[in-house]
Colleague: 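Here it is, the structure in full.
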Amino acid sequence: MAMDESAQQAGTAIRLRAASARDAEEITRVFLDSRADVLPYLPRVHSDEDTLAWITHVVLPGSTVWVAEGEAGEVLGFASLDADGGELDQLYLRPDSLRRGIGSQLLARLKEASGGELSLYTFQRNTAARAFYERHGFTAVSYDDGSRNEEKEPDVLYRWRAAAA
């Protein structure tokens, strides 16, 4: 996939593009809304303002971030790779954008940019995310008691490697 491209999903044009600083507020809203909807059991450890500051000053300048836009240019989801390109740091969709293939498009972009290997952490209780990643070839390699994340929620480390050509 090219850096700026469109794809048809469920009758709606989805465009993937590199994120910019002007996307910070929409990305923050996607992050907060998604976590509230899909992960209601997680404690809120940061205010909305602190989350916006983190997205603005840490995630966007320190990661490679893509957004998925709808037909009107609205941000439907985003995904990010760490600075080394080997860890999927974030992949979130607006709650009304789930199960439309958008997450799969974003994940394909991350795989393409990764150099053939990716790792990620997700919460053990997030069964939908775990099933999504497993469908896309990720394998659980270790489980943690939650001491490594701010929410103190047990998580699982997944890894993916591209098939040898």
Side-chain angles (χ1 to χ4, degrees), residues 1 5-17 19 23 26-46 51 54-55 59 63-70 74-82 84-165:
M1 292 178 141
E5 70 184 68
S6 297
Q8 292 288 348
Q9 283 297 329
T12 303
I14 302 301
R15 178 177 168 244
L16 300 184
R17 65 167 174 81
D23 296 312
E26 277 191 281
I27 288 172
T28 301
R29 181 55 33 216
V30 168
F31 178 86
L32 292 170
D33 290 351
S34 178
R35 286 173 68 104
D37 186 68
V38 178
L39 308 168
Y41 52 83
L42 284 183
R44 290 279 317 258
V45 295
H46 298 286
T51 302
W54 171 67
I55 295 287
V59 174
S63 306
T64 303
V65 183
W66 291 273
V67 294
E69 291 184 328
E74 72 280 19
V75 174
L76 302 176
F78 75 99
S80 69
L81 283 177
D82 70 346
D84 296 328
E87 184 170 340
L88 187 163
D89 281 336
Q90 314 292 325
L91 196 162
Y92 287 93
L93 301 177
R94 280 187 0 194
D96 64 349
S97 296
L98 297 173
R99 292 172 182 71
R100 292 173 42 196
I102 299 167
S104 295
Q105 290 179 52
L106 285 164
L107 186 56
R109 172 60 52 80
L110 295 174
K111 284 179 170 182
E112 180 182 287
S114 73
E117 292 187 26
L118 273 178
S119 63
L120 66 92
Y121 284 93
T122 193
F123 298 114
Q124 289 181 32
R125 284 202 277 177
N126 192 349
T127 56
R130 292 181 64 186
F132 171 79
Y133 292 121
E134 289 169 10
R135 274 193 315 274
H136 288 281
F138 285 79
T139 303
V141 295
S142 67
Y143 295 83
D144 191 282
D145 63 3
S147 60
R148 63 161 294 285
N149 63 63
E150 292 180 308
E151 296 85 359
K152 304 301 180 212
E153 180 70 25
D155 56 16
V156 56
L157 172 63
Y158 277 92
R159 288 219 171 92
W160 167 83
R161 284 196 173 97

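Note that the structure is a prediction, hence the values are computed from the model and not measured. We use all heavy atoms of the structure for the numbers below, so side chains are in, but hydrogens, waters and symmetry mates are not.
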Colleague: With rounding to the nearest 0.5 angstrom, report the CG to CG distance, L39 to N126.
Modeller: 5.0 Å
Colleague: What pairs with E69 under salt bridge (Lys or Arg N to Asp or Glu O under 4.0 Å), at least two apart in sequence or on another chain?
Modeller: R15, R17
Colleague: Would you check if R130 and Q124 make a side-chain contact, meaning some heavy-atom pair closer than 4.5 Å?
Modeller: yes
Colleague: I'd like to check L91 versus L120 (side-chain heavy atoms, cut-off strictly below 4.5 Å). Are they in contact?
Modeller: no
Colleague: Between L93 and L76, is any pair of side-chain heavy atoms under 4.5 Å apart?
Modeller: no
Colleague: Tell me every residue that passes side chain to side chain contact (heavy atoms under 4.5 Å, CB included) with P95, counting only those two or more places apart in sequence or in another chain.
Modeller: D33, D37
Colleague: For N149, what residues pass the side-chain hydrogen bond (donor to acceptor under 3.5 Å, both in side chains) criterion, not counting sequence neighbours?
Modeller: D155
Colleague: Using the side chain to side chain contact (heavy atoms under 4.5 Å, CB included) criterion, which residues pair with P40? Sequence neighbours excluded.
Modeller: none
Colleague: At what distance, to the nearest 0.5 angstrom, does CG of L88 lie from CZ of R159?
Modeller: 13.5 Å
Colleague: Once you round to the nearest 0.5 Å, how far does CD1 of I55 lie from CG of L32?
Modeller: 8.0 Å
Colleague: Who are the side-chain hydrogen bond (donor to acceptor under 3.5 Å, both in side chains) partners of S147, not counting sequence neighbours?
Modeller: D145
Colleague: Identify each donor-acceptor pair in which a side-chain atom of residues 134-141 lies under 3.5 Å from a protein atom, sequence neighbours left out, and give them as a table.
Modeller:
from, atom 1, to, atom 2, distance (Å)
E134, OE2, Y158, OH, 2.5
H136, NE2, S104, OG, 3.0

Colleague: Give me the atom names and distance for the closest heavy-atom approach of G116 to S114.
Modeller: N-OG, 3.1 Å
Colleague: I need the D82 CG to S63 OG distance, nearest 0.5 Å.
Modeller: 7.0 Å
Colleague: Can you name the nearest heavy-atom pair linking G85 to L118, along with the distance?
Modeller: O-CD2, 4.1 Å
Colleague: Are the side chains of L106 and L16 in contact, using a 4.5 Å heavy-atom criterion?
Modeller: yes
Colleague: Donor-acceptor pair, E26 side chain versus V75 backbone, under 3.5 Å?
Modeller: yes
Colleague: Residues two or more places apart in sequence or in another chain: which of them pass side chain to side chain contact (heavy atoms under 4.5 Å, CB included) with A19?
Modeller: D23, I27, L60, V65, V67
Colleague: What's the separation between atom CD in E151 and atom NE2 in H46, rounded to the nearest 0.5 Å?
Modeller: 7.5 Å
Colleague: Under the salt bridge (Lys or Arg N to Asp or Glu O under 4.0 Å) test, which residues partner E74, sequence neighbours left out?
Modeller: none
Colleague: Is a side-chain donor or acceptor of D89 paired with a backbone partner of S80 at a separation under 3.5 angstrom?
Modeller: no
Colleague: Among residues at least two apart in sequence or on other chains, which ones pass side chain to side chain contact (heavy atoms under 4.5 Å, CB included) with R161?
Modeller: E117
Colleague: Determine the interplanar angle of the F31 and F78 rings, folded into 0 to 90°, and report it as parallel if under 30°, tilted if 30 to 60°, perpendicular if over 60°.
Modeller: tilted
Colleague: Sequence neighbours excluded, which residues qualify as salt bridge (Lys or Arg N to Asp or Glu O under 4.0 Å) partners of R94?
Modeller: D96
Colleague: Look up atom OG1 in T122 and atom OH in Y133, then write down how far apart they are to the nearest 0.5 Å.
Modeller: 6.0 Å
